[in-house]
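Written below as structure tokens is the structure these notes are about.
Everything numeric in this text was worked out from a predicted model, so none of it was measured. When reading the values below, keep in mind they use all heavy atoms of this one structure, side chains included, and skip hydrogens, waters and symmetry mates. Reminder, nothing fancy here: chain letters follow the sequence lines and each chain counts from 1.
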Protein chains: 2
Amino acid sequence: MADQLSKVFAALADPTRRDLVARLTVGDATVGDLAKPYDISVQAISKHLKVLEDAGLVTKARQAQKRPVHLEAQVFDLMTAWIERYRRQAEERYSRLDAVLADLNAAQEGLAS
Amino acid sequence: MADQLSKVFAALADPTRRDLVARLTVGDATVGDLAKPYDISVQAISKHLKVLEDAGLVTKARQAQKRPVHLEAQVFDLMTAWIERYRRQAEERYSRLDAVLADLNAAQEGLAS
DNA sequence: GACTTATTCAACCAAACAGTTGACAACTGG
DNA sequence: CCAGTTGTCAACTGTTTGGTTGAATAAGTC
């Protein structure tokens with residue numbers, strides 16, 4: 001079984017699932033309501049929601065026959081943390097590189113003058 | 001062909017590819033160097049790098065027979081933008097909900113006292 | 001109890017994916 | 001020019017994925 005971070009990225013790799021997440025930021029919705037705009041079957045949407053659920057992006061409550069779907073936005077933090085960690089590291093490296101280049105330039109300036 | 005955002009998420013859904021990205025934040029590296037730590041074939045790593053390249057996360061230069069791989073960290077911004085957009089929207093909704101609940105509580109307090 | 005609504009389970013299919021091995025291309029250095 | 005190094009292309013394989021249809025479950029309504 002894959003780790004959660006992999007599942008979250010994989011879940012959001014599908015445009016339909018990203019769209020579902022986008023719509024859930026507006027408010028909770030039932031499986032049926034969520035399925036309406038698409039011309040694929042309700043079962044397909046149900047599967048998509050299961051993927052989002054397994055990734056921890058979404059939870060379902062029960063309310064009569066309906067299962068209102070709710071967005072769990074905290075999981076976004078997992079991704080943001082991963083992205084920011086490596087972005088920062090990469091940027092740091094570029095700053096160091098900039099510093100080195102600046103030094104080189106300064107040294108050459110010194111030679112030239 | 002899928003849109004870039006889908007490709008970026010899909011690319012990072014694989015732990016090996018996330019690991020490659022992590023190592024590239026430290027500095028550029030050749031395909032061979034990148035392949036060494038894993039016990040899968042060089043060809044498999046080459047394929048992974050192609051996926052990262054198609055997603056725009058990585059570029060390859062040519063330098064003799066070697067192809068130093070370089071991380072393009074700006075692409076992270078695409079993801080961050082998507083995530084932040086919907087996170088913000090979700091959080092906004094929760095604040096509104098909090099306000100409503102606070103009002104309800106206040107009203108009940110009023111009744112109780 | 002029978003019917004309707006809402007959702008999921010199960011079996012199936014085609015396409016994509018992650019890996020393999022083997023051959024080939026491109027470039028270097030003796 | 002030949003031998004070695006570095007990387008990719010091609011064909012094949014097993015598994016995962018996104019969709020389908022049809023049947024099953026669960027709850028509410030008449």
Looking at side-chain heavy atoms only, is the closest gap between [X] and [Y] below 4.5 Å?
| X | Y | answer |
| --- | --- | --- |
| L20(A) | V69(A) | no |
| R67(A) | T30(A) | no |
| L71(B) | Y86(A) | no |

Exercise. Say whether R88(A) and T25(B), considering side chains only, have a donor N or O and an acceptor N or O under 3.5 Å apart.
Key: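 No - no donor-acceptor pair under 3.5 Å links their side chains.
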Sub-3.5 Å donor-acceptor pair from the side chain of [X] to the main-chain atoms of [Y], do we have one?
| X | Y | result |
| --- | --- | --- |
| S6(B) | A2(B) | no |
| R17(B) | A11(B) | yes |
| Q4(A) | A55(A) | yes |

Quiz item: Would you say dG7(D) has OP1 or OP2 under 4.0 Å from some side-chain N or O of S46(B)?
Solution: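 Answer is no, no contact under 4.0 Å.
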Quiz item: Rounded to the Å, how far apart are L34(B) CG and dG7(D) P?
Solution: 9 Å
Quiz prompt | Nucleic acid footprint by protein, nucleotides 15-28 of chain D - heavy-atom cut-off 4.0 Å, B for base, S for sugar-phosphate alone | solution = ---SBBBB----BS
Practice problem: List the atom of A29(A), the atom of L24(A), and the distance in Å for their closest heavy-atom pair. | Solution: N-CD2, 3.9 Å
Quiz item: Just the endpoints, please: which first and last nucleotides of DNA chain C, 5' to 3', lie under 4.0 Å from a heavy atom of chain B?
Solution: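 Contacts span dA18(C) to dT28(C), reading 5' to 3'.
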